[in-house]
Protein chains: 2
Amino acid sequence: MPGRLGRGRPFWWHGKFKGCGYKITAGRDAIIEVLSKADKHLSAEDIYLKVHSVYPGVGLTTVYRTLEILVNVGLVYKFDFGDGRARYELSQDEEGEDHHHHLICKKCNRVIDYSDFIEEEAELLNKTEKGLSKKYNFEITGHLIQFYGLCEKCANRK
Amino acid sequence: MPGRLGRGRPFWWHGKFKGCGYKITAGRDAIIEVLSKADKHLSAEDIYLKVHSVYPGVGLTTVYRTLEILVNVGLVYKFDFGDGRARYELSQDEEGEDHHHHLICKKCNRVIDYSDFIEEEAELLNKTEKGLSKKYNFEITGHLIQFYGLCEKCANRK
DNA sequence: ATATAAATGGAAATGGTTATCATTACTATT
DNA sequence: AATAGTAATGATAACCATTTCCATTTATAT
Ligand SMILES: [Mn+2]
Ligand SMILES: [Mn+2]
Ligand SMILES: [Zn+2]
Ligand SMILES: [Zn+2]
């Protein structure tokens, strides 16, 4: 079979993946590889195209299936930026957590990562989560914060 | 034609609607009516079924089209709670603003509205928005905050 | 009442995501 | 190294919420 991927050294995420009972495969390696090299928020098809160009043996279905697992395991975040397709992003890299939030331009759909104000936000989030947990008996495990508006370019040429 | 909707008195939202150059029609009246009476977060089809049962002359396409306008005008919020269909909610009612955020159960998809902690959140949001606006030259017009986790029932029977 | 542009509904198309299923690749055990 | 059992895979078809099309109707200003 063409496009077989030789297995490399154990990667940082193999532990968590195996720990959840999943097998490490060439396709999955390639998908995470693409995600960790990505500089923007990729759709399933984006990932498929990149992976497929190097390993034609990996199909779109596998990309979707793998992403679902990665999201469930917590290695990947799945976002809806409003353009009709889901976007995926590694929740951490080799160095560790890299939590951030997003600014989304409603005009051109550009997405800006920011983590500048996370500190203060985290503080309030913590407080809010505590209050909500108690009041609604709700076990909070995560949050989503996005700001919408107009990016520099779109605000100018309006 | 059966199911014609007699136009009632001018409604509170007609002003904003007309102001944006849109026409007031029976279908649009009915759609807002359903939204304002709704106690939960309705999908386009939910709305269609309710409207259609009273005014069979209103089609699903019109529901989608009207919702899009309402969202653009700012009278309705469109949410993605992760179950594959968009959910809609009036951004305000006759009394005025009714801004709140959501708790979403990842197991059963139940959605809880909360506005208890909005005050404090608003304060921080304001601060954050100011900072972000300046740093990224981004004109912020809105935000989305959602907490994910397990609702009382789902947390117990796990 | 008339004119004009906007709104409408039904049917068909779209397109991202899932389900199916026969085949293949891991992994542990002999 | 061969075997068995199970998980993973890819190609294709199905799914289904949302859009597009287009001929017809309607709202609104004159
Ligand atoms: Mn990001
Ligand atoms: Mn709500
Ligand atoms: Zn923009
Ligand atoms: Zn639940």
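All chains are named by letter (A, B, ...) in the order of the sequence lines, taking the proteins before the strands, and each is independently numbered beginning at 1. These numbers were taken from a predicted model, which means no experiment stands behind them.
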### Query
Would a 4.5 Å heavy-atom cut-off, applied to side chains only, mark A:R87 and A:D46 as touching?
yes
#### Entry: Test item: A:S43 side-chain N/O and A:A86 main-chain N/O as donor-acceptor pair under 3.5 Å
no
### Value in whole Å for how far the C1' atom of D:dA17 lies from CG of B:D80
12 Å
### Task
Measure the spacing between OG of A:S133 and CD1 of A:I140 and express it to the nearest 0.5 Å.
4.0 Å
### Query
A:T25 side chain N/O closer than 4.0 Å to the phosphate oxygens (OP1, OP2) of D:dT9?
yes
### Query
Counting side-chain heavy atoms from CB outward, which of C:dT18, D:dT9, D:dT20 is closest to A:K78?
C:dT18
### Separation of C:dA7 P from B:F17 CZ (nearest whole Å)
8 Å
### Message
Output the rounded distance in Å from CZ (A:R87) to P (C:dG16).
### Response
10 Å
### Query
B:I24 has an atom CD1; how far is it from atom P of C:dA7, in whole Å?
10 Å
### Interatomic distance where CG belongs to A:L60 and P belongs to C:dG16 [whole Å]
10 Å
### Pairing of B:K37 and B:E33 as salt bridge, 4.0 angstrom limit
yes
### Message
Quick check: on DNA chain D, is the nucleotide nearest B:K18 upstream (toward 5') of the one nearest B:R85, or the reverse? Name the residue that is more 5'.
### Response
B:R85
### Query
Just one of B:F81, B:Y114, B:F147 clears the ring pair (Phe, Tyr, Trp, His ring centres under 6.0 Å) bar with B:H102, so which one?
B:F81
### Task
Between A:K23 and B:G84, just flag the one whose closest nucleotide in DNA chain D comes earlier from the 5' side.
A:K23
### Task
Assign B:R65 to base, sugar-phosphate, or nothing according to its heavy-atom contacts below 4.0 angstrom with the strands shown.
base
#### Entry: Selected nucleotide, minimal atom distance to A:T61 side chain, candidates D:dA11, C:dA11, D:dT18
D:dA11
### Summary
Between CG of B:D29 and C1' of D:dT26 the distance, given in whole Å, is 14 Å
### Query
Which whole-number value in Å describes the distance from B:H14 NE2 to D:dT28 P?
9 Å
### Summary
To the nearest angstrom, the CD-C1' distance between A:E68 and C:dG16 comes to 14 Å
### Contact under 4.0 Å: A:Y64 side-chain N or O vs C:dT18 OP1/OP2
no
